[in-house]
2 protein chains.
Amino acid sequence: MSVLHGPVRGVRRDDPREDTRARIEQAALELFTAAGFEQVTIEEIAAAAGTSRRTFFRSVGSKADAVWGDFDGHVDRLATLLERSGDDVPVLTAVLAAYVEVNDYAPEDLPVLRQRMRLILTEPALQAHSQLRYADVDRVVAGYVARRGGESPTALVPRLVATATRAAATTAFEAWLSGAAPSLADALRTAFGQLAEGFPGLR
Amino acid sequence: MSVLHGPVRGVRRDDPREDTRARIEQAALELFTAAGFEQVTIEEIAAAAGTSRRTFFRSVGSKADAVWGDFDGHVDRLATLLERSGDDVPVLTAVLAAYVEVNDYAPEDLPVLRQRMRLILTEPALQAHSQLRYADVDRVVAGYVARRGGESPTALVPRLVATATRAAATTAFEAWLSGAAPSLADALRTAFGQLAEGFPGLR
DNA sequence: GTTGCTGGTGGCACCGGGTGCCCCTACGGT
DNA sequence: ACCGTAGGGGCACCCGGTGCCACCAGCAAC
(Lines give C-alpha, C1' and ligand atoms only; values in the text may rest on other atoms or scores of the structure.)
Protein backbone atom coordinates (compact mmCIF):
# COMPACT_ATOMS: atom_id res chain seq x y z
CA MET A 1 0.00 0.00 0.00
CA SER A 2 1.47 3.29 -0.94
CA VAL A 3 1.61 6.71 0.46
CA LEU A 4 2.06 9.53 -2.00
CA HIS A 5 -0.71 12.05 -2.00
CA GLY A 6 -2.26 13.11 -5.26
CA PRO A 7 -1.44 16.36 -7.02
CA VAL A 8 -4.12 18.32 -5.25
CA ARG A 9 -4.86 17.56 -1.64
CA GLY A 10 -6.11 20.80 -0.13
CA VAL A 11 -8.73 23.13 -1.42
CA ARG A 12 -6.80 26.19 -2.50
CA ARG A 13 -3.61 25.94 -4.46
CA ASP A 14 -1.56 28.20 -2.15
CA ASP A 15 -3.04 27.09 1.15
CA PRO A 16 -0.52 28.32 3.73
CA ARG A 17 -1.40 25.43 6.00
CA GLU A 18 -0.70 22.90 3.28
CA ASP A 19 2.50 24.73 2.51
CA THR A 20 4.01 24.36 5.97
CA ARG A 21 2.80 20.78 6.07
CA ALA A 22 4.63 19.98 2.87
CA ARG A 23 7.77 21.69 4.17
CA ILE A 24 7.63 19.69 7.38
CA GLU A 25 7.06 16.37 5.60
CA GLN A 26 9.95 17.00 3.26
CA ALA A 27 12.31 17.96 6.07
CA ALA A 28 11.20 14.95 8.09
CA LEU A 29 11.73 12.54 5.20
CA GLU A 30 15.25 13.79 4.62
CA LEU A 31 16.21 13.64 8.27
CA PHE A 32 14.66 10.21 8.80
CA THR A 33 16.43 8.79 5.77
CA ALA A 34 19.74 10.27 6.85
CA ALA A 35 19.71 9.46 10.55
CA GLY A 36 16.89 6.98 11.19
CA PHE A 37 13.35 7.52 12.42
CA GLU A 38 13.93 7.24 16.14
CA GLN A 39 17.12 9.26 16.16
CA VAL A 40 15.41 12.39 14.87
CA THR A 41 13.37 14.47 17.31
CA ILE A 42 10.34 16.55 16.44
CA GLU A 43 12.24 19.64 17.50
CA GLU A 44 14.93 18.95 14.92
CA ILE A 45 12.36 18.47 12.17
CA ALA A 46 10.56 21.65 13.13
CA ALA A 47 13.84 23.57 13.13
CA ALA A 48 14.78 22.17 9.71
CA ALA A 49 11.36 23.18 8.39
CA GLY A 50 11.70 26.64 9.89
CA THR A 51 8.79 26.28 12.26
CA SER A 52 7.97 25.21 15.81
CA ARG A 53 7.32 21.96 17.60
CA ARG A 54 3.73 22.99 18.25
CA THR A 55 3.08 23.68 14.61
CA PHE A 56 4.54 20.31 13.66
CA PHE A 57 1.87 18.50 15.63
CA ARG A 58 -0.86 20.82 14.43
CA SER A 59 -0.10 20.22 10.77
CA VAL A 60 0.97 16.58 10.57
CA GLY A 61 -0.61 15.07 13.66
CA SER A 62 2.14 12.68 14.67
CA LYS A 63 5.69 11.67 13.88
CA ALA A 64 4.52 8.65 11.89
CA ASP A 65 2.10 10.76 9.87
CA ALA A 66 5.04 12.80 8.62
CA VAL A 67 6.02 9.68 6.68
CA TRP A 68 2.60 8.30 5.81
CA GLY A 69 1.22 11.57 4.52
CA ASP A 70 -2.36 11.58 3.37
CA PHE A 71 -2.95 7.86 3.42
CA ASP A 72 -6.65 8.26 4.08
CA GLY A 73 -6.99 9.68 0.60
CA HIS A 74 -5.55 6.47 -0.82
CA VAL A 75 -7.92 4.33 1.15
CA ASP A 76 -10.79 6.44 -0.17
CA ARG A 77 -9.54 6.01 -3.71
CA LEU A 78 -9.30 2.27 -3.21
CA ALA A 79 -12.86 2.19 -1.93
CA THR A 80 -14.11 4.18 -4.89
CA LEU A 81 -12.31 1.92 -7.37
CA LEU A 82 -13.83 -1.17 -5.80
CA GLU A 83 -17.31 0.34 -5.75
CA ARG A 84 -17.10 1.15 -9.43
CA SER A 85 -15.72 -2.22 -10.54
CA GLY A 86 -18.26 -4.30 -12.42
CA ASP A 87 -19.86 -7.37 -10.90
CA ASP A 88 -18.82 -9.47 -13.89
CA VAL A 89 -15.12 -9.39 -13.07
CA PRO A 90 -13.95 -11.94 -10.46
CA VAL A 91 -13.50 -10.62 -6.94
CA LEU A 92 -9.78 -11.30 -6.65
CA THR A 93 -9.19 -9.75 -10.06
CA ALA A 94 -11.06 -6.63 -9.04
CA VAL A 95 -9.07 -6.31 -5.83
CA LEU A 96 -5.81 -6.75 -7.72
CA ALA A 97 -6.83 -4.14 -10.29
CA ALA A 98 -7.75 -1.67 -7.56
CA TYR A 99 -4.42 -2.19 -5.80
CA VAL A 100 -2.54 -1.74 -9.06
CA GLU A 101 -4.38 1.44 -9.99
CA VAL A 102 -4.09 3.02 -6.56
CA ASN A 103 -0.35 2.43 -6.69
CA ASP A 104 0.17 3.70 -10.21
CA TYR A 105 2.60 6.57 -9.77
CA ALA A 106 4.21 8.89 -12.24
CA PRO A 107 7.88 7.99 -12.78
CA GLU A 108 9.06 11.22 -11.16
CA ASP A 109 7.21 10.33 -7.96
CA LEU A 110 8.84 6.92 -7.60
CA PRO A 111 11.99 8.07 -5.75
CA VAL A 112 9.97 9.70 -2.98
CA LEU A 113 7.70 6.66 -2.82
CA ARG A 114 10.74 4.45 -2.42
CA GLN A 115 12.00 6.67 0.36
CA ARG A 116 8.72 6.49 2.25
CA MET A 117 8.11 2.79 1.78
CA ARG A 118 11.68 2.00 2.76
CA LEU A 119 11.15 3.78 6.06
CA ILE A 120 7.75 2.22 6.65
CA LEU A 121 8.96 -1.29 5.97
CA THR A 122 12.22 -1.12 7.89
CA GLU A 123 11.80 1.23 10.85
CA PRO A 124 10.19 -0.70 13.73
CA ALA A 125 8.13 2.22 15.02
CA LEU A 126 6.68 2.82 11.56
CA GLN A 127 6.20 -0.89 10.95
CA ALA A 128 4.10 -0.97 14.09
CA HIS A 129 2.09 2.05 13.06
CA SER A 130 1.44 0.50 9.67
CA GLN A 131 -0.86 -2.10 11.17
CA LEU A 132 -3.35 0.64 12.00
CA ARG A 133 -3.34 1.88 8.42
CA TYR A 134 -3.62 -1.62 7.06
CA ALA A 135 -6.67 -2.15 9.22
CA ASP A 136 -8.40 0.68 7.34
CA VAL A 137 -7.54 -0.93 4.03
CA ASP A 138 -8.71 -4.31 5.24
CA ARG A 139 -12.07 -2.92 6.28
CA VAL A 140 -12.61 -1.50 2.80
CA VAL A 141 -11.62 -4.70 1.01
CA ALA A 142 -13.56 -6.92 3.40
CA GLY A 143 -16.62 -4.76 2.83
CA TYR A 144 -16.29 -5.18 -0.91
CA VAL A 145 -15.77 -8.94 -0.75
CA ALA A 146 -18.73 -9.27 1.59
CA ARG A 147 -20.95 -7.27 -0.75
CA ARG A 148 -19.94 -9.36 -3.75
CA GLY A 149 -20.37 -12.62 -1.88
CA GLY A 150 -23.55 -11.69 -0.06
CA GLU A 151 -21.88 -12.19 3.30
CA SER A 152 -21.25 -10.16 6.42
CA PRO A 153 -18.12 -7.97 6.38
CA THR A 154 -17.10 -9.63 9.62
CA ALA A 155 -17.44 -13.18 8.32
CA LEU A 156 -14.30 -15.26 7.98
CA VAL A 157 -13.92 -15.31 4.21
CA PRO A 158 -14.20 -11.55 3.58
CA ARG A 159 -11.78 -10.83 6.42
CA LEU A 160 -9.42 -13.51 5.23
CA VAL A 161 -9.44 -12.29 1.65
CA ALA A 162 -8.80 -8.74 2.85
CA THR A 163 -5.86 -9.60 5.08
CA ALA A 164 -4.38 -12.11 2.62
CA THR A 165 -4.54 -9.73 -0.34
CA ARG A 166 -3.09 -6.95 1.72
CA ALA A 167 -0.32 -9.28 2.84
CA ALA A 168 0.32 -9.99 -0.83
CA ALA A 169 0.41 -6.27 -1.57
CA THR A 170 2.95 -5.49 1.14
CA THR A 171 5.08 -8.44 0.07
CA ALA A 172 4.95 -7.11 -3.47
CA PHE A 173 6.11 -3.75 -2.16
CA GLU A 174 9.04 -5.37 -0.42
CA ALA A 175 10.00 -7.21 -3.56
CA TRP A 176 9.81 -4.00 -5.59
CA LEU A 177 11.85 -2.11 -3.00
CA SER A 178 14.59 -4.71 -2.95
CA GLY A 179 14.86 -4.50 -6.72
CA ALA A 180 13.66 -8.07 -7.30
CA ALA A 181 10.67 -6.90 -9.35
CA PRO A 182 10.82 -4.68 -12.43
CA SER A 183 7.78 -2.66 -11.44
CA LEU A 184 5.26 -2.36 -8.66
CA ALA A 185 2.41 -3.49 -10.88
CA ASP A 186 4.43 -6.51 -11.88
CA ALA A 187 5.17 -7.48 -8.32
CA LEU A 188 1.51 -7.09 -7.38
CA ARG A 189 0.39 -9.31 -10.25
CA THR A 190 2.92 -11.98 -9.36
CA ALA A 191 1.95 -12.01 -5.69
CA PHE A 192 -1.78 -12.06 -6.40
CA GLY A 193 -1.23 -14.81 -8.95
CA GLN A 194 0.47 -17.01 -6.36
CA LEU A 195 -2.26 -16.29 -3.87
CA ALA A 196 -5.09 -17.09 -6.27
CA GLU A 197 -3.49 -20.39 -7.22
CA GLY A 198 -3.22 -21.44 -3.60
CA PHE A 199 0.56 -21.78 -3.78
CA PRO A 200 0.89 -24.72 -6.15
CA GLY A 201 3.77 -26.98 -5.26
CA LEU A 202 3.41 -26.32 -1.57
CA ARG A 203 0.36 -28.48 -1.02
CA MET B 1 -0.79 -16.32 17.23
CA SER B 2 -1.26 -16.73 20.87
CA VAL B 3 0.31 -15.48 23.95
CA LEU B 4 0.10 -17.66 26.98
CA HIS B 5 3.41 -18.78 28.38
CA GLY B 6 4.04 -22.42 29.09
CA PRO B 7 3.93 -23.97 32.55
CA VAL B 8 7.57 -23.30 33.30
CA ARG B 9 9.20 -20.18 31.98
CA GLY B 10 11.95 -19.29 34.42
CA VAL B 11 14.62 -21.52 35.85
CA ARG B 12 13.61 -21.94 39.45
CA ARG B 13 10.06 -22.68 40.50
CA ASP B 14 9.86 -19.90 43.11
CA ASP B 15 11.87 -17.30 41.26
CA PRO B 16 10.97 -14.04 43.03
CA ARG B 17 11.49 -12.14 39.81
CA GLU B 18 9.03 -14.35 37.99
CA ASP B 19 6.65 -13.96 40.84
CA THR B 20 6.44 -10.16 40.69
CA ARG B 21 6.24 -10.39 36.91
CA ALA B 22 3.23 -12.67 37.12
CA ARG B 23 1.59 -10.38 39.66
CA ILE B 24 2.14 -7.36 37.44
CA GLU B 25 0.82 -9.11 34.32
CA GLN B 26 -2.28 -10.23 36.13
CA ALA B 27 -3.00 -6.79 37.56
CA ALA B 28 -2.38 -5.20 34.15
CA LEU B 29 -4.72 -7.60 32.38
CA GLU B 30 -7.53 -6.90 34.81
CA LEU B 31 -7.13 -3.15 34.65
CA PHE B 32 -6.81 -3.10 30.86
CA THR B 33 -9.91 -5.20 30.44
CA ALA B 34 -11.87 -3.04 32.84
CA ALA B 35 -10.81 0.44 31.72
CA GLY B 36 -9.03 0.08 28.38
CA PHE B 37 -5.35 -0.10 27.54
CA GLU B 38 -4.62 3.58 27.11
CA GLN B 39 -6.66 4.69 30.10
CA VAL B 40 -4.52 2.76 32.55
CA THR B 41 -1.13 4.18 33.54
CA ILE B 42 1.93 2.19 34.55
CA GLU B 43 1.77 3.75 37.97
CA GLU B 44 -1.74 2.38 38.50
CA ILE B 45 -0.67 -1.10 37.45
CA ALA B 46 2.35 -0.99 39.72
CA ALA B 47 0.20 0.14 42.63
CA ALA B 48 -2.33 -2.64 42.00
CA ALA B 49 0.50 -5.17 41.89
CA GLY B 50 2.00 -3.78 45.07
CA THR B 51 5.22 -2.63 43.52
CA SER B 52 6.83 0.38 41.89
CA ARG B 53 6.88 1.93 38.44
CA ARG B 54 10.56 1.17 38.08
CA THR B 55 10.08 -2.48 38.87
CA PHE B 56 7.27 -2.70 36.33
CA PHE B 57 9.63 -1.77 33.52
CA ARG B 58 12.38 -3.98 34.84
CA SER B 59 10.20 -7.07 34.91
CA VAL B 60 7.92 -6.73 31.90
CA GLY B 61 9.84 -4.37 29.64
CA SER B 62 6.97 -2.32 28.28
CA LYS B 63 3.28 -1.71 28.64
CA ALA B 64 2.51 -3.87 25.61
CA ASP B 65 4.63 -6.72 26.94
CA ALA B 66 2.37 -6.88 29.98
CA VAL B 67 -0.28 -8.21 27.59
CA TRP B 68 1.90 -10.21 25.21
CA GLY B 69 3.80 -12.03 27.90
CA ASP B 70 6.53 -14.38 26.78
CA PHE B 71 5.73 -14.42 23.10
CA ASP B 72 9.30 -15.14 22.11
CA GLY B 73 8.89 -18.56 23.65
CA HIS B 74 5.99 -19.25 21.31
CA VAL B 75 7.97 -18.18 18.30
CA ASP B 76 10.74 -20.51 19.37
CA ARG B 77 8.28 -23.37 19.77
CA LEU B 78 6.89 -22.67 16.31
CA ALA B 79 10.40 -22.73 14.87
CA THR B 80 11.16 -26.04 16.59
CA LEU B 81 7.93 -27.61 15.36
CA LEU B 82 8.69 -26.59 11.78
CA GLU B 83 12.26 -27.84 11.99
CA ARG B 84 11.10 -31.23 13.15
CA SER B 85 8.30 -31.66 10.61
CA GLY B 86 9.10 -34.24 7.98
CA ASP B 87 9.91 -33.28 4.42
CA ASP B 88 7.21 -35.61 3.08
CA VAL B 89 4.31 -33.53 4.39
CA PRO B 90 3.29 -30.59 2.16
CA VAL B 91 4.61 -27.19 3.20
CA LEU B 92 1.24 -25.56 3.85
CA THR B 93 0.10 -28.58 5.82
CA ALA B 94 3.19 -28.42 7.98
CA VAL B 95 2.71 -24.71 8.65
CA LEU B 96 -0.94 -25.28 9.57
CA ALA B 97 -0.02 -28.15 11.89
CA ALA B 98 2.62 -26.02 13.60
CA TYR B 99 0.17 -23.16 14.11
CA VAL B 100 -2.43 -25.54 15.51
CA GLU B 101 -0.04 -27.19 17.91
CA VAL B 102 1.48 -23.93 19.14
CA ASN B 103 -2.01 -22.68 19.90
CA ASP B 104 -3.23 -25.81 21.62
CA TYR B 105 -4.16 -24.63 25.10
CA ALA B 106 -5.57 -26.42 28.07
CA PRO B 107 -9.28 -25.58 28.56
CA GLU B 108 -8.60 -23.75 31.81
CA ASP B 109 -6.19 -21.42 30.04
CA LEU B 110 -8.69 -20.36 27.39
CA PRO B 111 -10.37 -17.56 29.37
CA VAL B 112 -7.07 -15.76 29.92
CA LEU B 113 -6.13 -16.33 26.29
CA ARG B 114 -9.42 -14.75 25.21
CA GLN B 115 -8.75 -11.77 27.45
CA ARG B 116 -5.31 -11.22 25.99
CA MET B 117 -6.26 -11.74 22.36
CA ARG B 118 -9.27 -9.51 22.75
CA LEU B 119 -7.04 -6.68 23.92
CA ILE B 120 -4.43 -7.31 21.24
CA LEU B 121 -6.98 -7.39 18.44
CA THR B 122 -9.07 -4.41 19.53
CA GLU B 123 -6.83 -1.90 21.30
CA PRO B 124 -5.13 0.28 18.67
CA ALA B 125 -1.85 0.61 20.54
CA LEU B 126 -1.59 -3.16 20.94
CA GLN B 127 -2.72 -3.76 17.37
CA ALA B 128 0.17 -1.58 16.25
CA HIS B 129 2.62 -3.39 18.48
CA SER B 130 1.44 -6.73 17.13
CA GLN B 131 3.02 -6.07 13.76
CA LEU B 132 6.45 -6.30 15.37
CA ARG B 133 5.63 -9.67 16.88
CA TYR B 134 4.13 -10.92 13.64
CA ALA B 135 7.35 -9.98 11.89
CA ASP B 136 9.23 -12.43 14.10
CA VAL B 137 6.74 -15.17 13.24
CA ASP B 138 6.97 -14.35 9.56
CA ARG B 139 10.73 -14.64 9.58
CA VAL B 140 10.49 -18.12 11.06
CA VAL B 141 7.87 -19.33 8.59
CA ALA B 142 9.59 -17.70 5.61
CA GLY B 143 12.82 -19.42 6.63
CA TYR B 144 11.07 -22.77 6.72
CA VAL B 145 9.33 -22.30 3.37
CA ALA B 146 12.59 -21.16 1.82
CA ARG B 147 14.41 -24.23 3.12
CA ARG B 148 11.73 -26.59 1.82
CA GLY B 149 11.60 -24.90 -1.54
CA GLY B 150 15.32 -24.35 -1.97
CA GLU B 151 14.85 -20.61 -2.18
CA SER B 152 16.13 -17.54 -0.39
CA PRO B 153 14.17 -16.53 2.74
CA THR B 154 13.85 -13.07 1.24
CA ALA B 155 12.39 -14.29 -2.07
CA LEU B 156 8.81 -13.41 -2.88
CA VAL B 157 7.16 -16.79 -2.40
CA PRO B 158 8.55 -17.60 1.06
CA ARG B 159 7.70 -14.11 2.28
CA LEU B 160 4.27 -14.27 0.73
CA VAL B 161 3.46 -17.67 2.21
CA ALA B 162 4.61 -16.44 5.62
CA THR B 163 2.54 -13.26 5.61
CA ALA B 164 -0.50 -14.93 4.05
CA THR B 165 -0.54 -17.85 6.49
CA ARG B 166 -0.07 -15.50 9.40
CA ALA B 167 -2.93 -13.37 8.08
CA ALA B 168 -5.00 -16.55 7.99
CA ALA B 169 -4.01 -17.33 11.57
CA THR B 170 -4.99 -13.91 12.90
CA THR B 171 -8.26 -14.04 11.00
CA ALA B 172 -8.91 -17.43 12.54
CA PHE B 173 -8.24 -15.92 15.94
CA GLU B 174 -10.76 -13.18 15.28
CA ALA B 175 -13.36 -15.71 14.21
CA TRP B 176 -12.74 -17.76 17.33
CA LEU B 177 -12.92 -14.69 19.55
CA SER B 178 -16.21 -13.55 18.06
CA GLY B 179 -17.68 -16.96 18.71
CA ALA B 180 -18.13 -17.82 15.04
CA ALA B 181 -15.85 -20.85 15.30
CA PRO B 182 -16.25 -23.75 17.73
CA SER B 183 -12.53 -23.99 18.45
CA LEU B 184 -9.28 -22.31 17.59
CA ALA B 185 -7.97 -25.37 15.77
CA ASP B 186 -11.17 -25.49 13.75
CA ALA B 187 -10.91 -21.85 12.75
CA LEU B 188 -7.27 -22.32 11.76
CA ARG B 189 -8.08 -25.32 9.59
CA THR B 190 -10.93 -23.48 7.88
CA ALA B 191 -8.82 -20.41 7.15
CA PHE B 192 -5.84 -22.41 5.89
CA GLY B 193 -8.20 -24.49 3.76
CA GLN B 194 -9.57 -21.40 2.04
CA LEU B 195 -6.08 -20.08 1.52
CA ALA B 196 -4.75 -23.30 0.04
CA GLU B 197 -7.65 -23.52 -2.38
CA GLY B 198 -7.00 -20.00 -3.63
CA PHE B 199 -10.46 -18.77 -2.63
CA PRO B 200 -12.62 -20.80 -5.02
CA GLY B 201 -15.63 -18.84 -6.19
CA LEU B 202 -13.81 -15.55 -6.08
CA ARG B 203 -11.75 -16.08 -9.21
C1' DG C 1 30.39 -11.36 64.40
C1' DT C 2 32.07 -8.69 60.83
C1' DT C 3 33.12 -8.13 56.17
C1' DG C 4 31.94 -8.16 51.48
C1' DC C 5 29.35 -9.51 47.62
C1' DT C 6 25.05 -10.10 45.00
C1' DG C 7 20.25 -9.68 43.31
C1' DG C 8 15.77 -7.57 43.65
C1' DT C 9 14.00 -3.19 44.46
C1' DG C 10 12.79 1.87 44.91
C1' DG C 11 13.64 6.75 44.03
C1' DC C 12 14.95 10.27 41.05
C1' DA C 13 16.09 12.86 37.14
C1' DC C 14 15.81 13.04 32.47
C1' DC C 15 14.28 12.39 27.51
C1' DG C 16 10.86 12.53 23.90
C1' DG C 17 6.12 12.20 21.85
C1' DG C 18 1.73 14.26 22.33
C1' DT C 19 -2.07 17.69 24.06
C1' DG C 20 -4.58 21.72 26.03
C1' DC C 21 -4.50 26.40 26.70
C1' DC C 22 -3.40 31.13 26.00
C1' DC C 23 -1.49 34.83 23.45
C1' DC C 24 0.22 37.13 19.44
C1' DT C 25 0.11 38.65 14.79
C1' DA C 26 -1.32 39.24 10.12
C1' DC C 27 -5.00 39.74 7.20
C1' DG C 28 -9.65 40.69 5.28
C1' DG C 29 -14.11 42.97 5.68
C1' DT C 30 -16.95 46.94 7.34
C1' DA D 1 -10.06 52.87 12.85
C1' DC D 2 -12.58 48.63 14.15
C1' DC D 3 -13.27 44.16 14.43
C1' DG D 4 -13.25 38.72 13.51
C1' DT D 5 -10.60 35.00 12.29
C1' DA D 6 -6.88 31.73 11.14
C1' DG D 7 -2.04 30.27 11.46
C1' DG D 8 1.47 30.15 14.45
C1' DG D 9 4.48 30.21 18.85
C1' DG D 10 5.16 29.46 23.84
C1' DC D 11 4.26 27.04 27.91
C1' DA D 12 2.88 23.70 31.09
C1' DC D 13 1.61 19.23 31.63
C1' DC D 14 0.89 14.02 31.03
C1' DC D 15 2.81 9.63 30.20
C1' DG D 16 5.93 5.82 28.53
C1' DG D 17 10.61 4.61 28.84
C1' DT D 18 15.76 4.70 30.53
C1' DG D 19 20.09 5.48 33.24
C1' DC D 20 21.89 6.01 37.56
C1' DC D 21 22.43 5.52 42.32
C1' DA D 22 21.14 4.11 46.86
C1' DC D 23 19.10 0.66 49.78
C1' DC D 24 18.48 -3.74 51.83
C1' DA D 25 17.90 -8.38 52.18
C1' DG D 26 20.55 -12.96 52.11
C1' DC D 27 24.62 -15.49 52.11
C1' DA D 28 29.59 -16.92 51.87
C1' DA D 29 34.27 -16.37 53.73
C1' DC D 30 37.28 -15.07 57.23
Side-chain angles (χ1 to χ4, degrees), chain A residues 9-29 31-32 35-68 119-120 123-133, chain B residues 9-25 27-29 31-32 35-69 119-120 123-133:
Chain A
R9 180 169 53 204
V11 180
R12 307 206 312 276
R13 186 74 193 102
D14 56 348
D15 190 342
R17 198 157 177 169
E18 210 54 28
D19 192 63
T20 59
R21 169 170 178 144
R23 262 183 14 243
I24 290 174
E25 282 187 7
Q26 193 181 336
L29 223 56
L31 290 173
F32 289 160
F37 184 77
E38 314 221 338
Q39 276 60 48
V40 180
T41 70
I42 309 282
E43 204 130 13
E44 289 169 343
I45 303 172
T51 180
S52 77
R53 197 175 114 88
R54 195 66 192 80
T55 299
F56 174 94
F57 284 112
R58 240 194 301 262
S59 33
V60 306
S62 78
K63 199 178 180 181
D65 285 332
V67 178
W68 280 91
L119 285 168
I120 289 172
E123 292 280 353
L126 289 170
Q127 225 174 315
H129 186 81
S130 69
Q131 186 74 2
L132 302 177
R133 307 304 190 121
Chain B
R9 182 167 54 202
V11 180
R12 305 207 312 275
R13 186 74 193 102
D14 55 347
D15 190 341
R17 197 158 177 170
E18 211 53 29
D19 191 63
T20 59
R21 171 172 178 145
R23 267 187 5 248
I24 291 174
E25 281 185 10
L29 223 55
L31 290 173
F32 290 159
F37 184 77
E38 314 221 337
Q39 276 59 49
V40 180
T41 69
I42 308 283
E43 204 129 16
E44 290 169 343
I45 303 171
T51 180
S52 76
R53 200 175 112 85
R54 196 65 192 82
T55 298
F56 174 95
F57 285 112
R58 239 194 302 260
S59 35
V60 306
S62 79
K63 199 177 179 182
D65 286 333
V67 179
W68 280 89
L119 285 168
I120 288 173
E123 292 282 354
L126 288 171
Q127 225 174 315
H129 186 80
S130 69
Q131 186 72 2
L132 302 178
R133 306 305 190 121

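Order of the sequence lines fixes the chain letters, A, B, ..., with proteins taken first and strands second; residue numbering starts at 1 for each chain.
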Closer than 4.0 Å, any side-chain N/O of T51(A) to the OP1 or OP2 of dG8(D)? no
From CZ of R23(A) across to P of dG7(D) the rounded distance in Å is 14 Å
Checking contacts here: which listed nucleotide (dG18(C), dT9(C), dG10(D)) is nearest the side-chain heavy atoms of R58(B)? dT9(C)
Just checking V40(A): base, sugar-phosphate only, or nothing, at a heavy-atom cut-off of under 4.0 Å? sugar-phosphate
Assign each of G50(B) and R53(B) the nucleotide of DNA chain C bearing its closest heavy atom; nearer the 5' end lies the nucleotide of G50(B)
Sub-3.5 Å donor-acceptor pair from the side chain of R23(B) to the main-chain atoms of A49(B), do we have one? yes
Side chain E123(A), main chain F37(A), donor-acceptor under 3.5 Å: yes
Nearest to the side chain of I42(A), which nucleotide is it out of dG17(C), dG16(D), dG8(D)? dG17(C)
Quick one: label S59(A) by what it contacts on the DNA or RNA (base, sugar-phosphate, nothing), any heavy atom closer than 4.0 Å. nothing
Separation of atom NZ in K63(B) from atom C1' in dC15(D), rounded to whole Å: 8 Å
Quick one: is dG8(D) close enough that its OP1 or OP2 comes under 4.0 Å of any side-chain N or O from T55(A)? no
Using the side-chain heavy atoms of R54(B), tell me which of these nucleotides is nearest: dG17(D), dG8(D), dC20(D). dC20(D)
To the nearest angstrom, the CD1-C1' distance between I24(A) and dG7(D) comes to 12 Å
With respect to the side chain of T41(A), which nucleotide from dG10(C), dG16(C), dG17(D) is positioned closest? dG16(C)
